[in-house]
Every structure is written in structure tokens, then in C-alpha cells.
Amino acid sequence: MVPITPATADAIAEAASKLRDGQIVAVPTETVYGLAGDATNPDAIAAIYAAKGRPSNNPLIVHVDHVDAAMRCVDERQLDQRMREQLEVAKDFWPGPLTTVLPRASDLPNGLTAGSDSVAIRVPDHPVLLEVIRQSERPLAAPSANPSNYVSPTTAEHVAEAELPGLSMILDGGACRHGLESTIIRLGGESPELLRAGAIAAETLCDVFGGLVIEHEVQASDAVQASPGRMSKHYSPTKPLYFAADELPAGISPSRVARLSLAPLTRQQQSAFGWYAAMSETGELSQVAQNLFAMIRRADQSDCDVILIDPCPAIGLGRAIMDRIRRASHRSG
Ligand code: TXA
Ligand code: MG
């Protein structure tokens, strides 16, 4: 198993040097842990896809440390006036959990963008990752550091558990502050288009951009889409997951149920279930978001047969929380 290395100055320098060598390293971000590799090196890109078992049609996000580096990944000749104006607005969220999709620079490896003519870019807001990017002197491609289709990692321990093949190092920067992935928007048109709900609320973006195109978010099929992260089955635990409002399958007794609630249940409410945890002390959605993936993992590791989780209103952060829970609950066939 790859050891977990606390993100000391020496460890950061070592990670940067491994990345320059084309190796892949797990890094903390403010959203979830990422599996980083040199975005300009096709071999590093291939190693990322292999480590995750990720389908080759699902492009990666590029992480840079400042706006100028972001622009080097973009084909500026392809930017129309609206894209330029929207980019100015988007920049105010950097560093932070907003990913923008823009026309790609032609010298980026094709694998990075899965052959698409656009590239997803963000400036992450985590001191460890920003320092790793600076010292590696490269843009870093980084998907979430989980096996494809499993729950995203929000601690270094989560990354270690997965034993991703080819991973050279896990940099530990503590638990992720947001606990949910970045919000992804495609720039262009009258308003940007929301491709993935995330740590920045759609309402906030709608305000600052004066509009936001929101498509139907949970897609029924796993065909190649504008943002393959929208594939309906994603973020799935091993055990079937149901909403607390759903009917459990016949024959499942509450003692076989791992119950996840938004806020603490009373002792009496808890007592029926085989396993129980609250995702926040108060029901506050930022806390639920921060704990969501870690709690789903714990419920998945319990000795119960199914997970039963509270839904929340799909407003503000609730949109991203419900998006992740719906995908985790998706059962095919
Ligand atoms: O918060 C995050 O965004 C985390 C951390 C590590 O930065 N990263 C992350 O990466 O969530 P990943 O690979 O798990 O999700 C990336 C999403 C995928 O849904 C992918 O389809 C979409 O970004 N994406 C990447 N490039 C794209 C592009 N050119 N056009 C549309 N969607 C794109
Ligand atoms: Mg992911």
C-alpha cells in the first residue's frame, strides 16, 4: 500500500519532482482529493485513466495556480466576446471550486480532453496543491482520486483504501473543506451552462452571470455526454442506497439498514436501525456536504445490507448534495 505522507515542505518538493517525472500523486484540494499528473505528458494522463479504471471518453480537469497559466491551456483565438466577458466573471471565483470549460489549446495531449475540442480548467484553493503546482511548473490534470464510479475521497485515508494501481505518493493535507467536487460550467452563449452542480451554488452563478443554462441533470444513459460526470451511475457505494422516503425492498428488516440522517435523530428513532450516523449536528447543508462522502463510505463499510439516507431540498448546496445522492442511489435494471 502507498504510505500516506503528511504535506511537509519536503514532501511537497518530492511530490513536485515525481510529477515532473511523469508519475501520479494523490493531492488534497478544497473539494475532494485529486489524482494528479502532468497535464502536458500523455503518459501521465494514460496512467491517471489506468489507475482509476476510467473510461477514455471522460475528460480530466486541469489545475493551474493562476489565470495566466489557465490561458495557456486555452485557444484564445476561439474566444468570442461573450466567452471573454464570462471568463472575467469566472476569474473572481479563483482560486476556488469553479471549473470552466473553454476551447482548448491545440498542444494539450488529446487524452486529457478525451479528444474533445474544449478543456476544463480551475485554480484550486488549497495551499498544498497550489505549492505543488508551482514547484512542478506544470498544469496538473486531476480527477477525483477514487476508482471510477466509486464515492469520491475527502481524506488521505480514503485514497489509501482504494489502492489505486500506479499511484506513487499520497500527500495528506487533512480533510477537504467543501467535501463536494467543483461546480462545472461551459462558457459561451447568452449565459454559461451548468454541466455539474458542485461546491458553488447554481443560484450564486446565476446572479453573477445574469443567467445560467441548467439542463436536466441526471441522465438516463451512460452514453458520451457534454460532461460524462453526469453519467447516471456515479459515486456509488457497494450497498444499495435508498432515500428515507423510498420503500425498502421486501424482506429487509430495519436491523439490516445503515441509516444516514441530515441532522441527529432521537435515540428512539435511531434504535430500530442496525447502524446510524448523522451527517451534521444541525442539518446545515455545508456541513452535510463536507461529511456526505465520508459518511456514505462508513455506511458502506457497516455490516448492514442497505443504506437509507435523508433527501434534502435541491436548493443552494442542496442541488449538488441531491445530485450526488441520486447518482449513488441509481440502480440499473
Ligand atoms: O473538485 C473537482 O473538480 C475535483 C478536484 C480533484 O479538483 N475533480 C473532479 O474531477 O471532480 P473528475 O474527473 O472526478 O470530474 C471531472 C468532470 C467530469 O465529469 C468530466 O466529464 C468533466 O469534469 N469534464 C472534464 N473536461 C471536460 C470538458 N472538456 N467538457 C465537459 N466536461 C468536462
Ligand atoms: Mg470524480
Side-chain angles (χ1 to χ4, degrees), residues 24-37 39 45 48-49 51-64 73-75 93-105 108 110-126 128-130 132-133 139-154 158-159 162 164 171 173 176-188 192-200 215 217 219 222-236 289 293 320 323-324 327-328:
I24 54 175
V25 173
V27 292
T29 85
E30 79 280 33
T31 58
V32 300
Y33 270 72
L35 184 59
I45 303 295
I48 290 175
Y49 280 94
K52 279 182 67 84
R54 182 178 179 109
S56 58
N57 66 0
N58 194 356
L60 308 177
I61 296 176
V62 179
H63 298 67
V64 291
C73 299
V74 171
D75 183 352
F93 289 87
W94 289 346
L98 181 67
T99 297
T100 58
V101 173
L102 285 161
R104 60 167 273 193
L108 292 174
N110 281 326
L112 175 71
T113 64
S116 143
D117 53 10
S118 63
V119 61
I121 310 171
R122 79 182 190 100
V123 180
D125 188 15
H126 196 292
V128 170
L129 178 52
L130 286 172
V132 171
I133 298 171
L140 298 181
S144 51
N146 51 291
S148 196
N149 285 336
Y150 194 65
V151 185
S152 299
T154 55
H158 294 162
V159 179
L164 300 172
L171 263 189
C176 300
R177 193 162 78 245
H178 291 289
L180 285 179
E181 294 87 346
S182 61
T183 303
I184 306 180
I185 53 174
R186 179 195 300 286
L187 301 188
E193 184 189 359
L194 182 69
L195 298 182
R196 178 177 73 184
I200 293 178
E215 280 206 340
E217 279 163 61
Q219 306 281 322
D222 280 2
V224 184
Q225 296 157 7
S227 188
R230 292 189 297 181
M231 289 172 188
S232 51
K233 186 166 172 59
H234 211 80
Y235 311 102
S236 296
F293 289 144
D323 170 79
R324 304 306 188 271
R327 291 170 208 255

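One-based numbering, in listed order, for ligands and for the atoms of each. Reckoned from all heavy atoms, side chains included, excluding hydrogens, waters and symmetry mates.
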Quiz prompt | Step-by-step side-chain hydrogen bond (donor to acceptor under 3.5 Å, both in side chains) determination, Ser144 to Glu181 | solution = CA-CA 8 Å; Ser144 51; Glu181 294 87 346; 4.7 Å; no
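- Residue contact check for ligand 1: His178 places no non-hydrogen atom closer than 4.0 Å to it.
- Distances from ligand 1 to the non-hydrogen atoms of Thr113 include no value under 4.0 Å.
- In terms of polar-atom proximity, defined here as any N/O pair under 3.5 Å, Ser144 does make such a contact with ligand 1.
- Arg104 has its side chain out of reach of Ser116: every pair of non-hydrogen atoms, C-beta onward, lies at least 4.5 Å apart.
- Closest heavy-atom contact between Ala141 and Leu112: CB-CD1, 3.5 Å.
- In this structure Arg177 satisfies the salt bridge (charged side-chain N to carboxylate O under 4.0 Å, His left out) test together with Asp125, sequence neighbours excluded.
- For ligand 1, the polar-atom distance check against Thr31 finds a nitrogen or oxygen pair separated by under 3.5 Å.
- With a 4.0 Å heavy-atom cut-off, ligand 1 is reached by no atom of Lys52.
- Taking every non-hydrogen atom of Leu195 and a distance limit under 4.0 Å, the qualifying atoms of ligand 1 come out as 31 (C).
- Side-chain atoms of Ile185 and Phe93, non-hydrogen and from C-beta on, never get closer than 4.5 Å to each other.
- Heavy atoms of Arg104 stay at 4.0 angstrom or farther from ligand 1.
- Applying the 4.0 Å criterion to heavy atoms of Ala142 picks out, from ligand 1, the atoms 6 (C), 8 (N), 10 (O).
- Checking only distances, Arg196 does come within under 3.5 Å of ligand 1, N or O to N or O.
- Residue contact check: Ile184 has heavy atoms under 4.0 Å from atoms 17 (C), 22 (C), 23 (O) of ligand 1.
- Side-chain contact between Arg54 and Ile48 is absent, with no heavy-atom pair separated by less than 4.5 Å.
- Between Val151 and Asn146, the closest side-chain pair of non-hydrogen atoms is not below 4.5 Å.
- By the 4.5 Å heavy-atom criterion applied to side chains, Tyr33 and Leu171 are not counted as neighbours.
- Applying the 4.0 Å criterion to heavy atoms of Gly34 picks out, from ligand 1, the atoms 6 (C).
- Distance OG/Ser56 to CD1/Ile45: 13.0 Å, rounded to 0.5 Å.
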Exercise. Please test Ser182 against Thr99 for side-chain hydrogen bond (donor to acceptor under 3.5 Å, both in side chains), starting from the C-alpha separation and ending with a verdict.
Key: CA-CA 6 Å; Ser182 61; Thr99 297; 2.8 Å; yes
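- Counting the atoms of ligand 1 from 1 in the order shown, those under 4.0 Å from a heavy atom of Glu181 are 1 (O), 2 (C), 11 (O).
- The shortest N/O to N/O separation between Ser182 and ligand 1 falls below 3.5 Å.
- Residues Thr183 and Arg122 form no side-chain contact, since every pair of their non-hydrogen atoms from C-beta on lies 4.5 Å or further apart.
- Pro97 does not count as a contact of ligand 1, since none of its heavy atoms falls under 4.0 Å from the ligand.
- For ligand 1, the polar-atom distance check against Asn58 finds a nitrogen or oxygen pair separated by under 3.5 Å.
- The shell of residues lying under 4.0 angstrom from ligand 1, judged by heavy atoms, includes Ser118.
- Under 2.8 Å from the Mg ion (ligand 2) lies an N/O/S atom of Ser144, whether from backbone or side chain.
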